[in-house]
K.L.:
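Here it is, the structure in full.
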Amino acid sequence: MQAEGAELIAISADPITTVNSTQQTLQITYILLSDKETKTIGAYNVVDPSEIEVARPAVYIVNQDGNIAWKYLDAKSGKRIGPEPILAQLKKF
């Protein structure tokens with residue numbers, strides 16, 4: 001993703017202690033943020049309607065102007081998108 005000029009940032013509804021532990025355990029090198037109060041998750045409308053404390057899998061490509069250029073949003077938690085479709089979209093910009 002960096003080769004395409006992009007930066008990966010992940011947001012979790014988990015508390016910061018869980019996020020930090022996950023980041024260390026999985027050796028995650030990208031930015032991983034905690035949104036325990038689900039303010040950002042709610043603002044992007046990715047709250048799972050069946051579990052309001054959980055975010056649905058979502059990917060947003062935000063351009064340099066701060067506008068959403070592309071998004072992937074699953075109906076509920078559990079389904080993840082791989083890197084290939086994201087990279088294909090990044091190549092379009």
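Residue numbers start at 1 and run along the sequence shown. Any value given below was found using the heavy atoms of this structure, including those in side chains, with hydrogens, waters and symmetry copies removed.
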K.L.:
Got Trp70 and Leu90 here, is their nearest side-chain heavy-atom distance under 4.5 Å?
P.N.:
no
K.L.:
If you round to the nearest 0.5 Å, how far is OG1 of Thr29 from CG of Leu32?
P.N.:
11.0 Å
K.L.:
Distance-only, no hydrogens or angles: does the Asp35 side chain make a donor-acceptor pair with backbone N or O of Thr40 under 3.5 Å?
P.N.:
yes
K.L.:
So, taking the atom named CD1 in Ile11 and the one named NZ in Lys39, what distance separates them when rounded to the nearest 0.5 Å?
P.N.:
13.5 Å
K.L.:
Out of curiosity, does Leu26 fall in the hydrophobic cluster containing Ile81 (side-chain heavy atoms, cut-off under 4.5 Å, transitive links)?
P.N.:
yes
K.L.:
Look at the side chain of Asp14 and the backbone N and O of Thr18, then say whether any donor-acceptor pair between them is shorter than 3.5 Å.
P.N.:
no
K.L.:
Would a 4.5 Å heavy-atom cut-off, applied to side chains only, mark Glu7 and Ile31 as touching?
P.N.:
yes
K.L.:
Can you find a pair of side-chain heavy atoms, one from Tyr44 and one from Leu73, that are under 4.5 Å apart?
P.N.:
no
K.L.:
Can you tell me if Glu4 uses its side chain to pair, donor with acceptor, with the backbone of Ala88 under 3.5 Å?
P.N.:
no
K.L.:
Do Asp48 side-chain atoms and Arg56 backbone N/O form a donor-acceptor pair below 3.5 Å?
P.N.:
no
K.L.:
Backbone N or O of Thr17 within a donor-acceptor pair of the Ser21 side chain at under 3.5 Å?
P.N.:
no
K.L.:
Can you name the closest pair of heavy atoms from Ile16 and Ser34 and give their distance?
P.N.:
N-OG, 3.3 Å
K.L.:
Can you check whether Phe93 reaches Ile61 side chain to side chain, under 4.5 Å on heavy atoms?
P.N.:
yes
K.L.:
I'd like to know whether Leu87 forms a side chain to side chain contact (heavy atoms under 4.5 Å, CB included) with Met1, so could you lay out the CA-CA distance, the side-chain angles of the two residues, the decisive distance to 0.1 Å, and finally the verdict.
P.N.:
CA-CA 7 Å; Leu87 291 170; Met1 290 190 193; 3.8 Å; yes
K.L.:
Does any part of the side chain of Asn67, heavy atoms only, come nearer than 4.5 Å to the side chain of Val62, both counted from C-beta?
P.N.:
no
K.L.:
Any heavy-atom pair between the side chains of Ile9 and Leu33 that's under 4.5 Å?
P.N.:
yes
